[in-house]
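To start, the structure under review is shown below, and the notes come after it.
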Amino acid sequence: SWHTSKVKTLADLQQMDLLVPGNGAGSDSEVIPLAFNSLFGTKFKIVRGYTGNTESTLAVERGEVDGIAYWSWSAIQSGHKHWLDGNKVNILFHTGPEPDHEIKAPSIRTLMRDDNQQAALEFILAREILGRPFLAPPGVPQDRAKALQAAFNATMKNPEFVAEAQKRNIEVQLITSEQVIGVLTKAAAAPSSVIERVKKALER
């Protein structure tokens, strides 16, 4: 939330509306806050019609909306670090599966009490663990696929590559092919009760 908003914490967000920009039906900026409202009782109020992140961030700074519902931490650090340095925003919660020492806010994944709701939330957020996947076409020989995976993993750990990323305030967090397969396998095996809860959470 923007520093002028009355919503300063997650508890506030469960009591008061927070106007946030929406970038179109099916976009993360609309789908994810809808899910949070249903699963966790937050009060995101989506203002639709914004065309993208640039217009949305300007809307926050102009006071047209009160905050942003779903945005990557790395994007804030690389593109809007002055917001953090100048205490211009309140971080209400994060969605990562593990604690993050840089984000002084709880993970919403750890606060769900109903097992079915927890599973639905994890299903919806499963793809964020994947980040930005790198893919090869079907039919790549197994040995070549393994070579590509090994090379990619090595690049993500290369000191020069990491140093350049840090210089640009870009977070590098390797998710291996094995981890990706694990996430997809778990999501594909979700029971029908969880799928129905997800559908309900995304209803407008």
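Residue numbers run from 1 in the order of the sequence given.
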Could I get the full list of side-chain hydrogen bond (donor to acceptor under 3.5 Å, both in side chains) partners for [X], not counting sequence neighbours?
X      : value
Ser56  : Asn23
Asp85  : Lys81
Glu122 : Gln118, Lys186
Thr9   : Asp12

Please report the closest heavy-atom contact between [X] and [Y], naming both atoms and the distance.
X      : Y      : value
Lys45  : Asp17  : CD-OD2, 4.1 Å
Ile175 : Val180 : CG2-CG2, 3.9 Å
Ile124 : Ala201 : CD1-CB, 4.5 Å
Val162 : Met156 : CG2-O, 3.4 Å

Donor-acceptor pair between Ser193 and Glu196 side chains, under 3.5 angstrom: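 The answer is no; no qualifying pair exists.
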
Can you name the residues that form a side chain to side chain contact (heavy atoms under 4.5 Å, CB included) with [X], not counting sequence neighbours?
X      : answer
Ser72  : Ser74, Ala75
Ile195 : Phe123, Ala190, Lys199
Lys104 : none

Electrostatic pair Arg168:Glu164 at N-O distance under 4.0 angstrom: yes

Linked, directly or transitively: Phe161 and Phe152 (ILVMFWY side chains, under 4.5 Å):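 They do share one cluster, since a chain of ILVMFWY contacts under 4.5 Å joins Phe161 to Phe152.
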
Over 12 foreign heavy atoms within 6.0 Å of CD, Glu102: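 Atom CD in Glu102 is packed in, count exceeds 12.
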
Side-chain contact, heavy-atom cut-off 4.5 Å: [X] with [Y]?
X      : Y     : answer
Asn87  : His3  : no
Asn90  : Val7  : no
Arg197 : Ser38 : yes

Side-chain donor-acceptor pairs under 3.5 Å in residues 128-149, sequence neighbours left out?
unit_1, atom_1, unit_2, atom_2, d
Glu128, OE1, Tyr70, OH, 2.4
Glu128, OE1, Thr95, OG1, 3.0
Glu128, OE2, Thr95, OG1, 2.6
Glu128, OE2, Arg109, NH2, 3.4

Could you give the distance from [atom1] ([X]) to [atom2] ([Y]), rounded to the nearest 0.5 Å?
X     : Y     : atom1 : atom2 : value
Gln15 : Lys43 : CD    : NZ    : 7.0 Å
Leu18 : Lys6  : CG    : NZ    : 13.0 Å
Ser5  : Leu92 : OG    : CG    : 8.0 Å

Residue pairs, two or more places apart or on separate chains, that pass ring-ring contact (aromatic ring centres under 6.0 Å, His included) and touch residues 13-45: Phe36-Phe93

Pairs meeting criterion salt bridge (Lys or Arg N to Asp or Glu O under 4.0 Å) with involvement of residues 53-70, two or more places apart: Arg62-Glu64

Connected hydrophobic set around Ile103, excluding itself, where side chains approach under 4.5 Å: Trp2, Leu19, Val47, Tyr50, Val60, Val65, Ile68, Trp71, Trp73, Ile76, Trp83, Leu84, Val89, Ile91

Backbone N/O of Asn37 and side chain of Thr42: donor-acceptor pair under 3.5 Å: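 It does hold such a pair.
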
Sequence-distant partners of Asp28, salt bridge (charged side-chain N to carboxylate O under 4.0 Å, His left out), two or more places apart: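 For Asp28, the residues satisfying salt bridge (charged side-chain N to carboxylate O under 4.0 Å, His left out) (neighbours in sequence not counted) are Arg127.
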
